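As structure tokens, the structure follows; a few thoughts come after it.
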Amino acid sequence: MPDELSRRFRALVVAAGVDVRWMPLEGAGHCDLIDPLTPAWHTVVDAVRHVGDSTPKEFSHGP
């Protein structure tokens with residue numbers, strides 16, 4: 001996704017009152033986000049884990 005499109009989307013979401021984190025991954029290609037052999041993959045995994053850690057138990061589907 002082009003950087004400018006991401007910035008505009010984030011600005012709209014924040015203006016709507018949604019807490020959002022924008023994490024630009026310099027030099028990462030589209031497929032790097034799903035390739036476990038890239039640094040971008042590890043950044044995505046860490047972000048998902050962070051969201052999972054901060055999800056209230058009543059919204060969690062796991063044990």
Side-chain angles (χ1 to χ4, degrees):
M1 175 179 298
D3 187 56
E4 181 56 31
L5 184 59
S6 296
R7 289 176 192 262
R8 288 186 0 223
F9 177 75
R10 181 184 181 275
L12 289 171
V13 172
V14 168
V18 177
D19 184 21
V20 65
R21 183 173 171 195
W22 179 55
M23 299 172 54
L25 300 172
E26 298 297 327
H30 181 75
C31 291
D32 289 346
L33 303 177
I34 60 169
D35 182 350
L37 301 178
T38 66
W41 161 262
H42 297 286
T43 301
V44 171
V45 169
D46 289 344
V48 170
R49 285 184 179 142
H50 174 74
V51 170
D53 290 344
S54 63
T55 303
K57 291 288 184 194
E58 62 268 20
F59 295 112
S60 176
H61 297 288

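Small disclaimer: the values here were computed from a predicted structure and weren't measured. Nothing fancy with the numbering, it's 1 onward along the sequence.
V48 and L33 fall within a single hydrophobic cluster, where Ile, Leu, Val, Met, Phe, Trp and Tyr are joined by side-chain heavy atoms under 4.5 Å apart, directly or via other members. Hydrophobic clustering, with ILVMFWY side chains joined whenever heavy atoms are under 4.5 angstrom apart, keeps V14 apart from L12.
Considering CH2 of W41 and CG of D32, their distance stands at 12.0 Å, rounded to 0.5 Å.
In the displayed structure, L5 atom CG is contacted under 6.0 Å by more than 12 heavy atoms of other residues, nucleotides or ligands.
Contact of the L25 side chain with the T43 side chain is registered, since non-hydrogen atoms from C-beta on lie closer than 4.5 Å. Taking the side chain as every heavy atom from C-beta outward, D3 and W22 approach each other to under 4.5 Å.
Between P36 and H42 the shortest heavy-atom distance is O-NE2, 3.5 Å.
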